[in-house]
Amino acid sequence: MDDVKVKASEYAELTGVSLNTVKNRIRAGVVRGSKEEDGIWYVYLSQDEYHHLMRSQEKRGERQREINNSLEKLKASFEGQLIATYIEIQMLKDLQKEELLHEMSSLYTLLAVREKEIQIMRNQLEEAEKALKEREESIKELQKKLAELEKSLKALENQLRDKELSLAEKDIQMQKMLLEKEKELLSKTAQIEQLKRELEIKGGKE
């Protein structure tokens, strides 16, 4: 069965409370309703709830008419007028008192809801701060590991440079040794050639 949508002001009239009380009850979630795009506050009622409120309003209207009739009868005399005026003032005070109690009740309910929302937000904030702290610690740990890796990399680079220098020095020494060996070989070859020439000269003389 579809809900009945009534203006918050109409609902306030049906229930005998102020419009502010109805709005506070909507905000607190006690009454189903909302402020729609047209800027007007509405209350959403089931068919049974709506008919019950209508019957209640009719009964209140009947009681009020009975009271008004009784007051009119009292006003027939001067003394009755005083009594009727006193009763009307008391009724107005009672109505104002009841309205004030409704306002206070709705405000206390709204306050409780807001306190709960604040507590939830505080918990979320604490969790976010905790997560942020853990993330910061994780970042610091990663930065520390990165610094260690950079230090290790630098040490490896230094070792590699030392190895390259050492290999270069050994290569130079090897080149020097090869040059010396070539010189020795050339010298030996020259000596052999010299001996061959000498032998050929001796052989020719014989």
Exercise for review: Nearest 0.5 Å please: distance from the CG atom of Leu14 over to the NZ atom of Lys7.
Suggested key: 13.5 Å

Exercise for review: Locate the shortest heavy-atom distance separating Ile40 from Asp38; write the atom from each residue and the value.
Suggested key: N-OD1, 3.0 Å

Review point. Just how far is it from atom CG of Leu178 to atom NZ of Lys181, taken to the nearest 0.5 Å?
Key: 9.5 Å

**Study point:** Tyr11-Ile26 co-clustered via ILVMFWY side chain contacts under 4.5 Å
**Key:** yes

N/O donor-acceptor pairs under 3.5 Å from side chains in residues 126-140, not counting sequence neighbours:
none

Practice item. Apply side chain to side chain contact (heavy atoms under 4.5 Å, CB included) to Arg65 and list each qualifying residue two or more places apart in sequence or on a separate chain. Key: Glu62

Exercise for review: Of all the heavy-atom pairs spanning Ala8 and Val43, show the shortest one and how long it is.
Suggested key: CA-CG2, 4.1 Å

**Study point:** All side chain to side chain contact (heavy atoms under 4.5 Å, CB included) counterparts of Leu160, not counting sequence neighbours
**Key:** Glu164

Practice item. Please answer: with hydrophobic residues joined when any side-chain heavy atoms are less than 4.5 Å apart, are Val17 and Tyr44 in the same cluster? Key: no

Study note, to complete from the structure: Residues passing the side-chain hydrogen bond (donor to acceptor under 3.5 Å, both in side chains) test with Asn123, sequence neighbours excluded, are Gln119

Check your understanding: Do Val31 and Val4 sit in the same hydrophobic cluster, where Ile, Leu, Val, Met, Phe, Trp and Tyr count as joined when their side-chain heavy atoms come under 4.5 Å apart?
Key -> yes

Exercise for review: Would you check if the side chain of Glu49 reaches a backbone N or O of Ser46 as a donor-acceptor pair within less than 3.5 Å?
Suggested key: yes

Point to revise | By side chain to side chain contact (heavy atoms under 4.5 Å, CB included) - contacts of Leu156 (at least two apart) | key: Ser152, Gln159

Review point. Quick one: CD on Glu10 to CG on Leu45, what's the gap to the nearest 0.5 Å?
Key: 9.0 Å

Exercise for review: Output all residues satisfying side-chain hydrogen bond (donor to acceptor under 3.5 Å, both in side chains) with Glu13, sequence neighbours left out; order by chain, then residue number.
Suggested key: none

Point to revise | Residue pairs involving residues 183-198 (criterion side chain to side chain donor-acceptor pair (under 3.5 Å); sequence neighbours excluded) | key: Gln194-Arg197, Gln194-Glu198

Revision key, fill the gap. Students should find that the hydrophobic cluster of Leu165, defined by side-chain heavy atoms under 4.5 Å apart, otherwise consists of none

Check your understanding: Within a strict 4.5 Å, meaning less than it, do heavy atoms of the Val6 and Tyr50 side chains meet?
Key -> yes

**Study point:** Any residue meeting side-chain hydrogen bond (donor to acceptor under 3.5 Å, both in side chains) with Asp162, in chain and number order, not counting sequence neighbours
**Key:** none

Revision key, fill the gap. Contacts of Ile89 meeting side chain to side chain contact (heavy atoms under 4.5 Å, CB included) (sequence neighbours excluded), chain-then-number -> Thr85, Lys93

Practice item. If a pair satisfies salt bridge (charged side-chain N to carboxylate O under 4.0 Å, His left out) and one of its residues is in residues 150-160, list it, with sequence neighbours excluded. Key: none

Point to revise | Inter-residue atom distance Asp3.CG - Arg32.CZ, 0.5 Å rounding | key: 4.5 Å

Review point. For the atom pair NZ (Lys170) and CG (Leu167), what is the distance rounded to the nearest 0.5 Å?
Key: 6.5 Å

Check your understanding: With sequence neighbours excluded, what pairs up with Lys5 under the side-chain hydrogen bond (donor to acceptor under 3.5 Å, both in side chains) test?
Key -> Glu36

**Study point:** Sub-4.5 Å side-chain heavy-atom contact between Trp41 and Val22
**Key:** no

